[in-house]
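Some notes on the structure that comes next.
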2 protein chains.
Amino acid sequence: MTIALDAMGSDRYPEPEIQGALWAAEKWGLKIILVGDQSRLEPQLRALNTRGLSVRIEHAPDVLEMGDKPVEAARLKPRNSMAVGLELVKKGDAEAFVSAGNTGGVMFNALRILGRIPGVARPALTAMFPVRGGHAIVLDIGANADCRPEFLLQFAIMGSIYAEKVLHKHNPRVGLLSNGEEPGKGNQLVKETYPLLEKSGLNFIGNVEGKEVFNGDADVVVTDGFTGNIMLKSSEAVAKLITDVLRESLMASWRTKLGALLAKPAFAQIRQMLDPSEIGAAPLLGIDGLVFVGHGRSDARAIMNALHVAHEAIQANLLSNIRDAIREKLSAVENTISDNP
Amino acid sequence: MTIALDAMGSDRYPEPEIQGALWAAEKWGLKIILVGDQSRLEPQLRALNTRGLSVRIEHAPDVLEMGDKPVEAARLKPRNSMAVGLELVKKGDAEAFVSAGNTGGVMFNALRILGRIPGVARPALTAMFPVRGGHAIVLDIGANADCRPEFLLQFAIMGSIYAEKVLHKHNPRVGLLSNGEEPGKGNQLVKETYPLLEKSGLNFIGNVEGKEVFNGDADVVVTDGFTGNIMLKSSEAVAKLITDVLRESLMASWRTKLGALLAKPAFAQIRQMLDPSEIGAAPLLGIDGLVFVGHGRSDARAIMNALHVAHEAIQANLLSNIRDAIREKLSAVENTISDNP
């Protein structure tokens, strides 16, 4: 299995990418193509022990930086590492593409180069939310600020397949994010999406609120990209506020400092729960190819985990499973609608 | 100053209400009217020392419970404590109404009995969010799931006056909740609201994300009721998840238990930051009368704090300040729009 890895993606590229690629190649026998500036990658790769590992470089002279505007940058930097990596997938030289770079840039280039899965109106950005007992996949978290009900139905289908095939959840529970659990609660979009999900044949558990999401009651949480983005960033910010204030309060006296020292294993558990590198990467769903985006702050372990997730998706035939599900479920909903006018 | 207090509002009514009323009456010389079932309130009140305090009972035979549907319950229980209390405000017998009951019930009855401030299209539910260094007022957090840009402009005006007059913030910073800080980011509603806020004469600081909200960068955060509700409930749920997991991890070994004991003052600081009883209550803004809603889990201290907030609002002439601001700012925005077609 061959994975193209954006070697110029993370905040501290390319070190985390190179090290993460070597670990993943060793651990799972993966073939990794490091996509990036050859003159920069080659000396670093040569300095490491790559014997027996299948890690090679594909030259991409341009780098899409975090601050770059995707559309403009794609024009000014046509041979950026994202574009080159995604073309490897397009040509069939790689089965998946992984980047810890600018999410907007990956989405823009993926749409341009790989296009959409037939039947998918809008691809979605996803995030793996830490919840009680594990993770939930939330989508969309930012690609589509304004959505129509059928977009959310498609997000639900894709998220459900991902949860089943890659996260190994049996019969994944799909929740619709709303401002109240009762059916009938919600804004116009939620009210119109609800009946579509009911007819979808998915394991739709109804509306969910923050309480249910973070309690781990749903495996897949469906929402528009505006609301999903607000939920993602608010929860990250609350977690940061609490952990920051706690850290400061713990440093306030010798007594609390000693307490913090003794309680270290408990704090480590919280840190681990909130650490995005545990997950590695989240998929772009709806793109006609396997594309994964990791956190900009990814370290080598996060990159390794990202490659692992991509590996699982390849093994699970994620793409053809999503293609089939979109075809079948969408026609099922359409039939139900035409049967019950 | 006279405040009508719903004596049947909190989850453990009427004990927290009675005790909170006595404390507030003693502390600030407030006149409190306890509104509720006389046969239940009278013996409890008589058992306490109320000498020199102005606390009396207004009989209301019906109770609106947390699970009640507001519309239905208002019909079946016309003499509920909320309706009776709000009528005291309507008649001028009380200057404000405070309840820790069903928020939907308070909003429904307040709209029915007191109506809207002239010029306000939709009253808003508000919440005081704990943020770094204090609190921010967020509105709407649930009354209006689907909003138009002019609603959000009105929320901004009312929130700003509240922050200035009651929370004593000088020139309050107003942020528009969005999925990106840059102007132009947002869903359709945000994009259309942005120019209205720019022309409002308010201290509009632009779009804000979770990071800015919880960092305390805005005093007033404006959003539609759907998104605000999602942000509120998600952040509460994340805070609960973190504190629950931390508590469980701390109980896992003798070492961490001892650490927790020593670090207690630091945990107390977190608990205090997240404790809604610190704030007491948040206003319904846009109702033509002063109405405050506290948390269902309010204890006597929370009720006392809620009465304190209502007291501050009365002293600050909140209502007439909002009426004036709505009149002036709305016409200012309309003039700017007609000047620059």
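All chains are named by letter (A, B, ...) in the order of the sequence lines, taking the proteins before the strands, and each is independently numbered beginning at 1.
- Residue B/L177 touches chain A through both its backbone and its side chain, counting heavy-atom pairs closer than 4.5 Å.
- With a threshold of 4.5 angstrom between heavy atoms, B/E236 does not approach chain A through any atom at all.
- Counting heavy-atom pairs closer than 4.5 Å to chain A, the top residue among B/T223, B/L261, B/V131, B/V238 is B/V238.
- Contacts of B/A252 with chain A are absent, with no heavy-atom separation under 4.5 Å from either backbone or side chain.
- In this structure the side chain of A/L262 never reaches within 4.5 angstrom of the side chain of B/T256, judged on heavy atoms.
- Contacts with chain B were tallied for A/P265, A/P130, A/A260, A/G228; A/P265 has the most, counting heavy-atom pairs under 4.5 Å.
- Between chain B and the residues A/D224, A/T227, A/I141, A/L246, the largest count of heavy-atom pairs under 4.5 Å involves A/L246.
- Taking the side chain as every heavy atom from C-beta outward, B/L274 and A/I242 approach each other to under 4.5 Å.
- More than 12 heavy atoms of other residues, nucleotides or ligands sit less than 6.0 Å from atom CZ of B/R112.
- When A/A237, A/S253, A/G225 are compared by the number of non-hydrogen pairs under 4.5 Å with chain B, A/A237 comes out ahead.
- Atom OG in B/S249 sits 10.0 Å away from atom CD in A/Q272 (nearest 0.5 Å).
- Applying a 4.5 Å heavy-atom cutoff, the residues of residues 180-194 of chain B that approach chain A are B/G180, B/G186, B/N187, B/Q188, B/V190.
- For the set A/K211, A/R132, A/K264, the entry with the most heavy-atom pairs within less than 4.5 Å of chain B is A/R132.
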Review point. Passes side-chain contact (heavy atoms from CB on, under 4.5 Å), B/K240 versus A/N215? Steps please.
Key: CA-CA 9 Å; B/K240 185 174 183 317; A/N215 200 39; over 6 Å; no
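- The distance from atom CZ of A/F129 to atom OG of B/S234, rounded to the nearest 0.5 Å, is 7.5 Å.
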Check your understanding: Between A/L241 and B/M273, is a side-chain contact (heavy atoms from CB on, under 4.5 Å) present by the stated rule, with each step listed?
Key -> CA-CA 10 Å; A/L241 176 64; B/M273 182 177 81; 3.9 Å; yes
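- Chain B forms the most heavy-atom pairs under 4.5 Å with one residue out of A/V213, A/I230, A/V245, and that residue is A/I230.
- Contact of B/N144 with chain A is not made at all, since no heavy-atom distance falls under 4.5 Å.
- Of the two parts of B/S178, the backbone and the side chain both hold a non-hydrogen atom closer than 4.5 Å to a non-hydrogen atom of chain A.
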